[in-house]
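Labels below follow one simple rule: chain letters A, B, ... track the order of the sequence lines, proteins then strands, and each chain is numbered from 1. Keep in mind that the numbers below use all heavy atoms, side chains included, and drop hydrogens, waters and symmetry copies.
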Number of protein chains: 2
Amino acid sequence: MSDLNNRRLEIDALRAIWAIRHHGGITRAAEALGLSQSAVSHKIKRLETSLGCELLNRKAGTTAFTTEGEELLDYAGRILGLHDEALLSLSKTTLAGRIALGLTEDTTCSALAHILGRFRRLHPDVSVRTQVRMSLVLRAMLEQGELDAAIVQVFAHEVRPTDVILFRETLHWVKHPSLLLPQTASVPFLSFHDDCFYRHWALDIGQDGGIMLETVFECASAAGIIAAVSSGMGVALLNERHLRPEMQIITDRFPVPPDLVYVVRRGRKVRNAALDTLVAEIESEISRYGGLALAS
Amino acid sequence: MSDLNNRRLEIDALRAIWAIRHHGGITRAAEALGLSQSAVSHKIKRLETSLGCELLNRKAGTTAFTTEGEELLDYAGRILGLHDEALLSLSKTTLAGRIALGLTEDTTCSALAHILGRFRRLHPDVSVRTQVRMSLVLRAMLEQGELDAAIVQVFAHEVRPTDVILFRETLHWVKHPSLLLPQTASVPFLSFHDDCFYRHWALDIGQDGGIMLETVFECASAAGIIAAVSSGMGVALLNERHLRPEMQIITDRFPVPPDLVYVVRRGRKVRNAALDTLVAEIESEISRYGGLALAS
DNA sequence: ATGCCGTGATCGAAATTTGTCATGTGCTCG
DNA sequence: CGAGCACATGACAAATTTCGATCACGGCAT
């Protein structure tokens, strides 16, 4: 394991194992980091030999972390956090002002929370007011000028040139295997809140495609929908990351749902140096880690 | 400043600026890190260009940190702390047992405190009992088997092969310019506590060199001695790091004081895995940073 | 079983980074 | 003013890192 003293944990290597964790696999991590797969593989190997222990359990094509790996991940997260903050702190300019920001519930528990917290620390003279609403509401607020920017979900084909793409999500029609779809009667539909725009799309297709959806369940949180699907109450539109093993993806019967994208969308004609910086920090975080970590 | 994203702070570069701070200058830092002067100079330059700002104020031969430099230093300390702890944590073996450790007052506020704290965190099943005494007392306790190891000050020529050298110190005879040494009468001597072995040496030379020293002031803490010297109360033996600009080093009249060394000295025939690890950690810290930081 | 993927390891060559030696510059001090 | 110290700089050598290609392995469907 080389000499006990000359050992060091490369920042890039730490970022690599962090990416492996959050993208599930070396290949995806490499892609996210803009490196080749072999480069990342080597990085990990170097890390392992320098530490003298295995970090990954390369049993099969699957990638699992060893105990040591998990331990290092914990440190990696903390070190990278400090590191990135140091980097920002050194290139910061003194900012002051106000930012009115909108978020969806989903994104509150993602890496965005960290970015916002750090932004507060680094720019204490900027007051950030954050409101959590559903995407459709946030979009309306942006139009009204009530928000300077918002992180909203939009259909992939609706992305504007000025939007900053955070990550993409695929939507699926799902049901529990025990639920058999009636051929003639209307299909029981499990829906998010009234204002959720999946629902708008879902109900729209009824008119176009001649499929009758009957909303039998309404709940604002994903957890509720997941439970309802799992108990066979009906069909629903769910994100990839909300899929559970017991769920069945419905590929026939319904039109393929459009892809979704989370974006940072800025309000109309807002000129705001503080906001520029915040958006730049989000973009930089994305490019550094190849996307934003989102809790599932 | 390269692309805002691809920037990273190399661990080695952070260690370099940390070393520059603690050894006062690039040349010394390079020596401490076991690198050439130009290597360290290049490292800093790279860091600066990658950050797009000056870290050091290279006005003259002197090396001062800029505001950004100081800011980075702060982060560097925290990042390196985490980094080193991660490194240790991953190579640790489960330890249990007891360690009875002796320290001098000087060393309590050095990097040793960090090492001890970290050791506690990493090895919660090892109970470390620490006692702070003067070097002579500690040596006696080691002999008696009351301590497993101690960090003590010894004369450079007394270092044993098994001792781990922490850092060296030069002792000087000092006085305030306003104090004129009497040619015939005895010289007023400002002394540490009775058990301090500088004092033993100082009083011994009286017999060998025919110089009369009269102890006119006794104080256990360096701060007291420094104040007494500065007010012209007498002469004293002081560490290099306790010298103040107003003090005058006496080069004639007295024999040159022997060099001092801080060492980790282990007790007699103590076999203790936990102690081995602790000593190894101290050694590793020294070799990584080229010495131990000691508050002045 | 028998081929496919998909995922990761491995190897040699190329590119990049890092370190060293030799030398240049600027400042201080005797 | 010249010696000495501290650092910068440039050219070159050494090391490390990356890439592309290829190999090996385990699942999965036929």
Side-chain angles (χ1 to χ4, degrees), chain A residues 1-3 5-51 53-66 69 240 245 249 251 288 290, chain B residues 1-3 5-17 19-51 53-66 69 245 249 251 288 290:
Chain A
M1 57 169 143
S2 79
D3 195 2
N5 318 318
N6 286 26
R7 299 181 314 173
R8 92 207 93 131
L9 305 170
E10 291 287 342
I11 290 291
D12 284 352
L14 297 182
R15 221 185 281 291
I17 90 160
W18 186 259
I20 290 175
R21 146 64 97 232
H22 285 276
H23 294 280
I26 294 188
T27 307
R28 287 148 190 275
E31 192 184 354
L33 294 169
L35 289 174
S36 71
Q37 173 263 318
S38 66
V40 177
S41 184
H42 263 148
K43 262 184 201 302
I44 304 304
K45 172 139 282 266
R46 282 192 298 261
L47 208 50
E48 286 181 327
T49 47
S50 113
L51 287 170
C53 67
E54 303 253 295
L55 259 23
L56 297 178
N57 237 333
R58 38 270 275 190
K59 281 278 173 55
T62 181
T63 306
F65 283 83
T66 62
E240 199 128 68
I249 296 178
T251 51
R288 225 201 305 279
Chain B
M1 60 166 143
S2 79
D3 196 2
N5 317 318
N6 286 26
R7 298 181 314 173
R8 91 207 96 123
L9 306 170
E10 291 288 340
I11 290 292
D12 284 353
L14 296 183
R15 223 187 279 291
I17 88 159
I20 290 175
R21 148 63 96 232
H22 286 276
H23 295 280
I26 293 188
T27 308
R28 289 148 187 274
E31 192 184 351
L33 294 169
L35 290 174
S36 70
Q37 171 264 318
S38 62
V40 176
S41 185
H42 271 148
K43 258 186 204 303
I44 304 304
K45 171 135 285 252
R46 265 175 247 139
L47 203 53
E48 285 181 325
T49 47
S50 116
L51 286 170
C53 67
E54 303 253 296
L55 260 21
L56 297 178
N57 237 334
R58 37 271 273 192
K59 282 276 175 55
T62 179
T63 304
F65 283 84
T66 62
I249 296 179
T251 51
R288 227 200 302 279

Problem set entry | Heavy-atom side-chain proximity of A:Leu56 to A:Phe65 below 4.5 angstrom | yes

Problem set entry | Residue pairs involving residues 33-47 of chain B (criterion salt bridge (Lys or Arg N to Asp or Glu O under 4.0 Å); sequence neighbours excluded) |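 Non-adjacent pairs meeting salt bridge (Lys or Arg N to Asp or Glu O under 4.0 Å): zero.
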
Give the rounded distance in Å between these two atoms: [atom1] of [X] and [atom2] of [N].
X       : N      : atom1 : atom2 : value
A:Arg15 : D:dT18 : CZ    : P     : 13 Å
B:His23 : D:dC7  : NE2   : C1'   : 18 Å
A:Ile44 : C:dG8  : CD1   : P     : 11 Å
A:Leu47 : C:dA9  : CG    : C1'   : 16 Å
A:Arg28 : C:dG8  : CZ    : C1'   : 13 Å
A:Asn57 : C:dG8  : CG    : C1'   : 14 Å

Exercise. Which heavy atom in A:Gly69 sits nearest to a heavy atom in A:Ile17, and how many Å separate them?
Worked result: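 Smallest heavy-atom distance, with atoms named: O-CD1, 4.3 Å.
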
For this session: Might you point out which heavy atoms bring A:Ile11 and B:Leu9 nearest each other, and give the distance in Å?
Result: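 That closest heavy-atom pairing would be CG1-O, 3.2 Å.
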
Problem set entry | Distance, nearest 0.5 Å, that separates CD1 of A:Ile26 from CD1 of A:Ile20 | 4.5 Å

Would you say [X] reaches [N]'s phosphate, i.e. side-chain N/O to OP1/OP2 under 4.0 Å?
X       : N     : value
A:Thr27 : C:dT7 : no
A:Lys45 : C:dA9 : no
B:Ser41 : D:dA8 : yes

Exercise. With distance as the sole criterion, do the side chain of B:Gln37 and the base of D:dA6 form a donor-acceptor contact below 3.5 Å?
Worked result: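 Counting by modelled atom types and ignoring angles, no donor-acceptor contact under 3.5 Å is found here.
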
Seminar exercise, completed: Reading nucleotides 11-19 of chain C from 5' to 3' and marking B where a protein heavy atom lies under 4.0 Å of the base, S where only the sugar-phosphate is that close, and - otherwise, the string is B------SB

Exercise. Do any pairs count as a side-chain hydrogen bond (donor to acceptor under 3.5 Å, both in side chains) and have a residue in residues 32-42 of chain A, sequence neighbours left out, and if so which ones?
Worked result: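 Counting only pairs at least two positions apart or across chains, the side-chain hydrogen bond (donor to acceptor under 3.5 Å, both in side chains) contacts touching residues 32-42 of chain A are A:Ser36-A:Ser38.
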
Exercise. What pairs with A:Glu31 under side chain to side chain contact (heavy atoms under 4.5 Å, CB included), at least two apart in sequence or on another chain?
Worked result: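 Partners of A:Glu31 by the side chain to side chain contact (heavy atoms under 4.5 Å, CB included) criterion come out as none, since no residue qualifies.
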
Seminar exercise, completed: Sorted by chain and number, sequence neighbours left out, side chain to side chain contact (heavy atoms under 4.5 Å, CB included) with A:Arg28 holds for A:His23

For this session: Could you list the residues that satisfy side-chain hydrogen bond (donor to acceptor under 3.5 Å, both in side chains) with B:Glu10, not counting sequence neighbours?
Result: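 B:Glu10: side-chain hydrogen bond (donor to acceptor under 3.5 Å, both in side chains) contacts with B:Arg8.
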
Exercise. Given axes from five pairs at either end, by how many degrees does the helix from C:dA1-D:dT30 to C:dG30-D:dC1 bend, rounded to 10°?
Worked result: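 Between the axes fitted at each end of the helix from C:dA1-D:dT30 to C:dG30-D:dC1 lies an angle of 20°.
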
